[in-house]
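Heads up: the structure comes next, in C-alpha cells.
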Amino acid sequence: QVQLVESGGDWVQPGGSLRLSCVATGDIWGIFGMAWHRQAPGKPRELVADITGDGRTKYVESVKGRFTISRDDTKNTLYLQMDNLKPEDTAVYYCTMTLVQITTTTSSDFWGQGTQVTVSS
C-alpha cells in the first residue's frame with residue numbers, strides 16, 4: 001500500500017509565499033517522475049510542474065519564475081516552493097508520483113488527497 005500526503009496549503013495574501021510538501025509512504029521500491037497539479041473551482045485540473053528522476057523540471061507558463069519544484073529522494077518527498085503568489089493561483093494542489101512498489105514489477109501513478117491554497121487580500 002502506498003500513500004501520498006500533502007501539506008503546506010494555507011491562506012496567503014498576494015505576493016506571499018508558501019511551500020508545499022508531499023511525502024510518499026508504503027512499500028516503495030523506487031520513484032520516477034513527480035509532479036504537482038492544481039484545480040481551481042470551475043476549471044479543469046492542470047499540470048503545474050513536474051520533475052524527472054534525474055532532476056529535470058518543467059513548469060506551466062503561468063508559474064515560471066515564481067514556483068520551484070524539487071525532490072528529496074532520501075525522504076520520498078516532493079516540494080513546491082511558491083513565491084509571489086497571485087489570486088489566480090488559488091486552487092487545490094495535488095501531488096503525483098510514478099513509482100514501483102516492492103511487491104510489483106511495474107510502475108503506477110499515485111495521487112495525494114490535495115491541499116488548499118488560497119491567495120486573497
Side-chain angles (χ1 to χ4, degrees):
Q1 187 74 10
V2 172
Q3 189 175 18
L4 272 59
V5 179
E6 298 109 333
S7 62
D10 204 343
W11 170 84
V12 65
Q13 292 186 334
S17 297
L18 286 174
R19 189 192 197 203
L20 305 183
S21 300
C22 173
V23 180
T25 59
D27 61 334
I28 299 168
W29 178 83
I31 304 177
F32 302 104
M34 301 181 180
W36 287 99
H37 300 249
R38 68 185 178 187
Q39 186 166 22
K43 295 186 177 181
R45 191 172 295 184
E46 70 169 345
L47 175 62
V48 176
D50 64 66
I51 183 168
T52 64
D54 57 0
R56 287 172 291 146
T57 60
K58 286 190 301 184
Y59 299 90
V60 67
E61 190 65 32
S62 60
V63 308
K64 285 182 180 178
R66 300 189 297 120
F67 290 11
T68 303
I69 189 171
S70 61
R71 59 191 287 169
D72 184 341
D73 290 334
T74 66
K75 299 179 180 179
N76 290 341
T77 301
L78 175 67
Y79 303 100
L80 186 67
Q81 177 66 41
M82 305 186 293
D83 298 317
N84 190 21
L85 282 159
K86 303 177 180 181
E88 50 264 42
D89 296 318
T90 295
V92 177
Y93 284 71
Y94 300 89
C95 66
T96 64
M97 295 187 186
T98 300
L99 59 87
V100 176
Q101 295 176 254
I102 295 172
T103 55
T104 70
T105 59
T106 58
S107 63
S108 300
D109 293 334
F110 291 86
W111 287 73
Q113 83 289 349
T115 186
Q116 178 70 47
V117 171
T118 302
V119 185
S120 72
S121 54

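Leu18 and Val60 fall within the same hydrophobic cluster, where Ile, Leu, Val, Met, Phe, Trp and Tyr residues are linked whenever their side-chain heavy atoms come under 4.5 Å apart, directly or through other members. Hydrophobic clustering (ILVMFWY, side-chain heavy atoms < 4.5 Å, transitive): Val92 and Met82 are in distinct clusters.
To the nearest 0.5 Å, the span separating CG on Leu80 from OG on Ser21 amounts to 9.5 Å. Note that CD of Gln81 and CZ of Arg19 are 6.5 Å apart. Values are rounded to the nearest 0.5 Å. In this structure, CG in Leu4 is found 4.5 Å from CE in Met97, a value given to the nearest 0.5 Å.
Checking Thr74, Asp73, Ile69 one by one against Arg71, the side-chain contact (heavy atoms from CB on, under 4.5 Å) holds for a single residue, Asp73.
Remark: side-chain polar atoms of Thr77 are not paired, donor with acceptor, to backbone N or O of Val23 under 3.5 angstrom.
The ring-ring contact (aromatic ring centres under 6.0 Å, His included) contacts involving residues 60-102 comprise nothing, where partners must be two or more places apart or lie in separate chains. Among residues at least two apart or in separate chains, there is no disulfide (SG to SG under 2.5 Å) pair with a member in residues 36-71. Within the structure, disulfide (SG to SG under 2.5 Å) contacts touching residues 27-73 (residues at least two apart or in different chains) do not occur. Among residue pairs with one or both ends in residues 36-60, those qualifying as ring-ring contact (aromatic ring centres under 6.0 Å, His included) are His37-Trp111; sequence neighbours excluded. Legend: disulfide (SG to SG under 2.5 Å) pairs involving residues 15-47, not counting sequence neighbours, sorted by first then second residue: Cys22-Cys95. Under the disulfide (SG to SG under 2.5 Å) criterion, no residue pair touches residues 34-79, with sequence neighbours excluded. The list of side-chain hydrogen bond (donor to acceptor under 3.5 Å, both in side chains) pairs with a residue in residues 5-15, not counting sequence neighbours, reads Glu6-Gln113, Trp11-Ser120.
Summarising the hydrophobic clusters (Ile, Leu, Val, Met, Phe, Trp, Tyr; side-chain heavy atoms under 4.5 Å, direct or chained), the residues clustered with Ile102 are Trp29, Phe32, Val100.
Scanning both residues, Ile51 and Ser70, for their nearest heavy atoms gives CD1-CA, 4.0 Å. For Ile28 against Asn76, the heavy-atom pair with the smallest separation is CD1-ND2, 3.8 Å. Taking each heavy atom of Ala35 and Leu47 in turn, the nearest pair found is CB-CD1, 3.7 Å. In plain terms, the two heavy atoms of Asn84 and Ser17 that are nearest each other are N-OG, 4.3 Å. Residue Ile31 comes nearest to Ala24 through the heavy atom pair CD1-CB, 4.3 Å, listed as atom of the first residue, atom of the second, then distance. Heavy-atom minimum distance, Thr90 versus Ala40: O-CB, 3.5 Å.
Listed by chain and residue number, nothing satisfies the salt bridge (Lys or Arg N to Asp or Glu O under 4.0 Å) test with Asp27 (two or more places apart in sequence, or in another chain). Residues passing the side chain to side chain contact (heavy atoms under 4.5 Å, CB included) test with Ser108, sequence neighbours excluded: Phe110. Remark: Asp89 pairs with Arg38, Arg66 by the salt bridge (Lys or Arg N to Asp or Glu O under 4.0 Å) rule, at least two apart or across chains. Taking Lys43 as the reference, nothing meets the salt bridge (Lys or Arg N to Asp or Glu O under 4.0 Å) condition, with sequence neighbours excluded.
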Residues Leu20, Val117; criterion side-chain contact (heavy atoms from CB on, under 4.5 Å); working and verdict: CA-CA 9 Å; Leu20 305 183; Val117 171; 4.0 Å; yes
